[in-house]
A.B. asks: 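Below you will find the structure I want to go over with you.
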Amino acid sequence: MSFFTILGGQGFIGSRLASRLRQRGHEVFVPHRDERLVGRQLGLVVYAIGVTSDFRQRPFDTVAAHVCRLNEVLRDCDFETLTYLSSTRVYHGLRGIADENSPLMVDPQRPDELYNISKLAGESLALASGRPTKIVRIANVYGPGDTSSNFLASVIREAATTLSVTLETAPESAKDYVAVDDVVRWIEQVTLDGKHRLYNLASGENVTHRALAVALSRVTGAKIDFTPTAPSVVHPPISTDRLVAELRVRPRRLWDELPKLVAACRASREPAPC
């Protein structure tokens, strides 16, 4: 068994990864946010520190989370390997299927691009550091217990509890959704056995908002409408060929998981989150 250090281990992905690793017999260290790490042997580091849906209101925190703390760990800390959790959002604007070798485009004049630019800065720093590192670009993660304001969690929560939803993105909008249980399993596999330095962690299937609305309405009985002038936001399909070929994984499909997500939301005793 191995010794893992999970930075950001209190978050949605990090906490579930810590739980899985412990269940599988690994030793896991989850340091506090500002805990001093210099002088400790950290073993296999998973860097899961990040800012998600509220990055637009927290630009300085976003850069600090994605780059600055990483810089300290890479420069000053002792570890065997480090796996950096990035995002498939970095493929935004590409045409065709996005794989790990796709050229990337960013525009610093667009405020929304800060998230992508900061993630790519973290990736570049990790790969250029001279330290043993790997990058995983993760699609839109879902799972029971997600209390965030991310799109899918919010839509499921509203459909399950109010039975009425109006989506502010067009029906043809589409993105890739990946189960958190798959993600944490793959992070463990990539960290321990991955032969490449960069992997996409995704379902490999884009889901349109129209198809999501139909499926969610069927499961919940909710009435789901679209704002007539809503913009269309279509993310490029994500290739999982490298992940599937090397680690022989089989991603779950959102359609199969929706009933469980809705049931978990409705079973929650919390007034708002699911």
Side-chain angles (χ1 to χ4, degrees), residues 1-11 13-14 16-18 20-21 26-31 33 35-52 62-91 98-104 106 115-139 141 178 182-202 238-247 249:
M1 294 294 103
S2 301
F3 176 69
F4 282 81
T5 295
I6 303 178
L7 304 178
Q10 293 81 22
I13 295 177
R16 284 156 177 78
L17 176 61
R20 173 183 169 81
L21 293 173
H26 298 292
E27 186 178 354
V28 179
F29 170 45
V30 180
R33 181 173 182 177
E35 188 166 345
R36 181 174 172 80
L37 301 175
V38 177
R40 302 188 61 155
Q41 175 49 248
L42 303 180
L44 307 175
V45 176
V46 176
Y47 192 94
I49 301 173
V51 176
T52 54
T62 298
V63 174
H66 297 167
V67 185
C68 297
R69 180 64 162 162
L70 175 68
N71 182 70
E72 296 173 3
V73 174
L74 290 170
R75 183 188 61 204
D76 301 328
C77 293
D78 296 321
F79 57 84
E80 295 177 40
T81 67
L82 182 146
T83 301
Y84 179 76
L85 273 55
S86 186
S87 170
T88 59
R89 284 178 62 108
V90 301
Y91 296 122
D99 64 27
E100 291 85 351
N101 295 317
S102 295
L104 304 176
V106 293
Y115 184 93
N116 299 3
I117 292 171
S118 62
K119 280 293 189 184
L120 288 174
E123 288 189 18
S124 182
L125 178 62
L127 295 173
S129 66
R131 308 294 301 275
T133 58
K134 297 173 185 176
I135 311 297
V136 290
R137 292 174 177 163
I138 305 173
V141 179
V178 61
D182 282 346
V183 168
V184 298
R185 184 173 73 254
W186 299 339
I187 292 172
E188 178 191 9
Q189 290 177 277
V190 167
T191 300
L192 291 173
D193 303 315
K195 295 179 176 60
H196 291 85
R197 298 193 72 188
L198 179 59
Y199 293 85
N200 289 333
L201 306 189
I238 308 300
S239 170
T240 58
D241 289 350
R242 175 176 294 178
L243 181 75
V244 172
E246 183 179 323
L247 301 180
V249 303

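Since we're looking at a predicted model, the values are computed, not measured.
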A.B. asks: Quick check: closest heavy atoms across His66 and Ile49, and the distance to 0.1 Å?
C.D. replies: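 Here His66 and Ile49 meet closest at CD2-O, 4.0 Å.
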A.B. asks: Would you check if Lys134 and Thr191 make a side-chain contact, meaning some heavy-atom pair closer than 4.5 Å?
C.D. replies: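 No; the side chains remain at least 4.5 Å from each other.
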A.B. asks: Do the non-hydrogen side-chain atoms of Trp186 and Val249 ever get within less than 4.5 Å of each other?
C.D. replies: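 Heavy-atom side-chain distance check passes, below 4.5 Å.
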A.B. asks: Please enumerate all residues that pass side-chain contact (heavy atoms from CB on, under 4.5 Å) together with Ala139, with sequence neighbours excluded.
C.D. replies: Thr88, Asp176, Val178, Ala202
A.B. asks: With Ile6, which of Leu21, Ile13, Ile187 fulfils side chain to side chain contact (heavy atoms under 4.5 Å, CB included)?
C.D. replies: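 Testing Ile6 for a side chain to side chain contact (heavy atoms under 4.5 Å, CB included) against Leu21, Ile13, Ile187 leaves exactly one candidate, Leu21.
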A.B. asks: If every non-hydrogen atom of Ala126 is compared with every non-hydrogen atom of Arg197, which pair is closest and at what distance?
C.D. replies: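 Smallest heavy-atom distance, with atoms named: O-NH2, 3.9 Å.
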A.B. asks: Are any of the side-chain heavy atoms of Phe3 and Gln41 separated by less than 4.5 Å?
C.D. replies: no
A.B. asks: Search all heavy atoms of Gly9 against all heavy atoms of Val30 and return the closest pair with its distance.
C.D. replies: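 Distance-wise, the nearest heavy atoms are CA-CG1, 3.7 Å.
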A.B. asks: What pair of heavy atoms forms the shortest contact from Val67 to Gly122, and how long is it?
C.D. replies: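 Answer, listing the atom of Val67 first, then Gly122: CG2-N, 4.1 Å.
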A.B. asks: If a pair satisfies salt bridge (Lys or Arg N to Asp or Glu O under 4.0 Å) and one of its residues is in residues 36-51, list it, with sequence neighbours excluded.
C.D. replies: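 The answer is Glu35-Arg40.
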A.B. asks: Taking side chain as C-beta onward, heavy atoms only, is Leu82 less than 4.5 Å from Leu70?
C.D. replies: yes
A.B. asks: Output every pair passing salt bridge (Lys or Arg N to Asp or Glu O under 4.0 Å) with a member in residues 185-195, not counting sequence neighbours, ordered by first then second residue.
C.D. replies: Arg20-Glu188, Arg24-Glu188, Asp182-Arg185
A.B. asks: With Tyr84, which residues qualify under ring pair (Phe, Tyr, Trp, His ring centres under 6.0 Å), at least two apart?
C.D. replies: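 Ring pair (Phe, Tyr, Trp, His ring centres under 6.0 Å) check on Tyr84 returns Tyr47.
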A.B. asks: Once rounded to the nearest 0.5 Å, what's the spacing between atom OG of Ser87 and atom CD1 of Ile135?
C.D. replies: 12.5 Å
A.B. asks: Measuring only between side-chain heavy atoms, which start at C-beta, is Glu100 closer than 4.5 Å to Leu243?
C.D. replies: no
A.B. asks: So do Lys119 and Arg137 actually touch side chain to side chain, heavy atoms under 4.5 Å?
C.D. replies: no
A.B. asks: So do the side chains of Glu72 and Leu37 get within less than 4.5 Å of each other, counting heavy atoms only?
C.D. replies: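 A side-chain contact under 4.5 Å is absent here.
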A.B. asks: Could you give all pairs that pass the salt bridge (Lys or Arg N to Asp or Glu O under 4.0 Å) test and reach residues 75-91, with sequence neighbours left out?
C.D. replies: none
A.B. asks: Identify, with sequence neighbours excluded, every residue that meets side-chain contact (heavy atoms from CB on, under 4.5 Å) alongside Ser129.
C.D. replies: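 Listed in chain order: Leu74, Arg131, Thr133.
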A.B. asks: Which heavy-atom pair separates Pro132 from Phe79 by the least distance, and what is that distance?
C.D. replies: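 Nearest heavy atoms, Pro132 then Phe79: O-CE1, 3.9 Å.
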A.B. asks: Just so I know, are the side chains of Phe4 and Leu192 near enough to count as touching, which here means a heavy-atom distance under 4.5 Å?
C.D. replies: yes
A.B. asks: Among Asp241, Ile138, Ile238, Val136, find the one that has a side chain to side chain contact (heavy atoms under 4.5 Å, CB included) with Asn200.
C.D. replies: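 When side chain to side chain contact (heavy atoms under 4.5 Å, CB included) is applied between Asn200 and each of Asp241, Ile138, Ile238, Val136, only Ile238 qualifies.
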A.B. asks: Please check this pair: side chain of Arg242 against backbone of Asp99, looking for a donor-acceptor N/O pair closer than 3.5 Å.
C.D. replies: no
A.B. asks: For the residue pair Glu123 and Ser86, what are the closest heavy atoms and their distance?
C.D. replies: OE2-OG, 2.6 Å
